[in-house]
Amino acid sequence: MAIPTRIGLAGLAVMGQNLALNIAEKGFPISVYNRTTSKVDETVERAKQEGNLPVYGFHDPESFVRSIQKPRVIIMLVKAGPPVDQTIKTLSVYMEKGDCIIDGGNEWYENTERREKAMAELGLLYLGMGVSGGEEGARHGPSLMPGGAFEAYKYIEDILLKVAAQVSDSGPCVTYIGKGGSGNFVKMIHNGIEYGDMQLIAEAYDVLKSVGKLSNEELHQVFSEWNKGELLSFLIEITADIFLVKDDKGDGYLVDKVLDKTGMKGTGKWTVQQAAELSVAAPTIASSLDSRFLSGLKEERVEAAKVFKSSGVSDILVDQAVDKQKLIDDVRQALYASKICSYAQGMNLIRAKSMEKGWDLELGELARIWKGGCIIRAIFLDRIKKAYDRNPNLANLLVDPEFAKEMIDRQSAWRRVVCLAINSGVSTPGMSSSLAYFDTYRRGRLPANLVQAQRDYFGAHTYERIDVSGSFHTEWFKISKQAKI
Ligand code: NBP
């Protein structure tokens with residue numbers, strides 16, 4: 001028995017079990033522990049079956065901790081929130097100064113910062129590490145976003161470099177993110193971007209299906225084709241696959257039988273809350289969250305559909321002849337341009353937080369480690385990395401010369417798709433809000449002058465002028481009344 005083992009892992013549900021096997025497979029003997037001990041035995045059994053991997057199971061926390069070589073490093077993969085505090089309490093009593101705990105869950109970054117401080121008082125090191133890629137990623141190579149004590153990162157850098165997804169031209173999908181809760185924060189924004197990507201793809205599907213009348217076979221072909229070009233990504237690939245799956249409980253395709261209600265676990269909501277806290281516009285991500293909320297109102301929507309149908313409004317308002325091939329090409333361009341806006345928003349959120357917290361995060365490096373292993377992996381991330389390599393202080397991805405050209409080239413198609421969807425009564429909140437983001441950001445003058453005038457009118461909030469510096473207030477009511485006379 002290879003005791004002491006190199007590392008420990010506590011929490012053997014989907015993510016923990018798979019990550020433990022991955023670590024063992026890369027040649028690092030690992031000790032495992034779970035509150036419910038049957039999962040320990042299950043993991044050890046799986047390790048045997050998957051090639052006698054060096055996984056050692058423990059039913060009690062003390063022998064688990066003591067089985068790990070010093071300084072001890074334990075990764076926790078338990079449900080975020082109180083279970084993390086409880087697991088820390090259970091394990092830390094047996095740990096010694098210089099040992100380290102890593103939380104690999106989707107934890108709120110401030111909880112990580114609170115725990116890092118509490119651990120420091122005990123002489124323990126702490127990391128919050130985002131792990132992306134779901135079950136498959138955890139087993140065969142996730143994207144890893146560790147943040148917190150740099151010293152702790154160094155203890156396990158060799159393990160993380162081997163365990164992470166490997167991308168041939170850009171290396172392992174892991175880097176030291178930064179101090180404090182930065183690893184969790186970056187993972188949270190990654191998930192927010194994931195919400196945006198999924199919503200935009202769903203809208204492309206809706207327009208092609210509802211307006212273009214494409215069959216599932218045609219949708220499969222379109223998405224497979226798209227996956228050979230600029231949209232090449234994990235999410236486009238699995239979308240193409242989904243259209244092939246027949247219903248095993250009846251006729252037709254399974255996707256048409258899936259209830260149109262999207263679940264969520266909270267990281268999208270946190271992202272939008274952070275956008276508001278940081279005063280950073282993230283309308284594409286926010287609209288993807290709103291769409292999930294509205295999808296949840298299934299019964300209300302069914303009733304509303306009846307109300308509007310009985311008033312003569314059918315689901316699709318315009319029954320117009322559509323050039324399918326042109327529509328497919330337009331939707332591809334609209335999807336790509338909308339995606340650029342969504343990533344611009346996510347990156348701006350990270351930068352704003354980095355500045356607020358002094359984390360000094362490298363945006364190009366984040367794009368690099370998202371290129372493999374994680375749910376948003378895409379060829380497109382290469383372009384983002386290059387944009388930040390060209391100019392690390394880029395104000396917005398939209399103004400990078402390459403992205404700006406791509407937006408200009410695609411804007412006509414994008415506008416056609418959004419107009420067609422609006423005229424057809426098909427909602428495209430992600431694509432529409434991305435377009436509005438682009439149209440707002442690229443305009444040198446907005447109607448914000450009128451809003452500011454209104455604020456000064458009713459609240460004496462003052463305003464600035466375009467021609468004279470300083471702060472001004474006007475008696476709008478009095479002057480306007482006089483003007484009327
Ligand atoms: P879950 O989030 O479903 O959590 C289950 C694990 O938490 C089990 O090991 C369970 O132990 C343990 N646990 C709970 Br619940 N309460 C506990 C407590 N009071 N004390 C000790 N242990 C407790 O597992 P998961 O889906 O593997 O995810 C783990 C983390 O990774 C989460 O933060 C999740 O958000 C994140 N994540 C998940 C995915 C994914 O695809 N699933 C992807 C990326 C990140 P028990 O067996 O004794 O009940």
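First listed ligand is number 1; within each ligand, the first listed atom is number 1.
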Novice: What are the two closest non-hydrogen atoms of V417 and V331, and how far apart are they?
Specialist: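 The answer is CG2-N, 3.7 Å.
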
Novice: Could you tell me which residues satisfy salt bridge (charged side-chain N to carboxylate O under 4.0 Å, His left out) with K385, sequence neighbours excluded, listed by chain and number?
Specialist: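 In terms of salt bridge (charged side-chain N to carboxylate O under 4.0 Å, His left out), with neighbours along the sequence ignored, K385 is linked to D389.
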
Novice: Between R139 and E50 (salt bridge meaning N to carboxylate O under 4.0 Å), is one present in this structure?
Specialist: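 Salt bridge between R139 and E50, a charged N being under 4.0 Å from a carboxylate O: yes.
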
Novice: Contact residues of ligand 1 with a heavy-atom cut-off of under 4.0 Å?
Specialist: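 Its neighbours under 4.0 Å (heavy atoms only) are G11, L12, A13, V14, M15, N34, R35, T36, K39, L77, V78, K79, A80, P83, Q86, T87, G105, N106, V131, G134, K187, given by chain and number.
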
Novice: Can you give each donor-acceptor pair under 3.5 Å made by side-chain atoms of residues 126-136, sequence neighbours left out, with the distance rounded to 0.1 Å?
Specialist:
residue	atom	partner	partner atom	Å
S132	OG	H190	NE2	3.2

Novice: Please work out whether the ring planes of Y336 and F380 are parallel, tilted or perpendicular, with thresholds of 30° and 60°.
Specialist: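 Answer is perpendicular, since the angle exceeds 60°.
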
Novice: For residues 269-279, pull every pair meeting side-chain hydrogen bond (donor to acceptor under 3.5 Å, both in side chains), keeping only residues two or more places apart or in separate chains.
Specialist: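 Every side-chain hydrogen bond (donor to acceptor under 3.5 Å, both in side chains) pair that includes a residue of residues 269-279, provided the two are not neighbours, is Q274-K353.
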
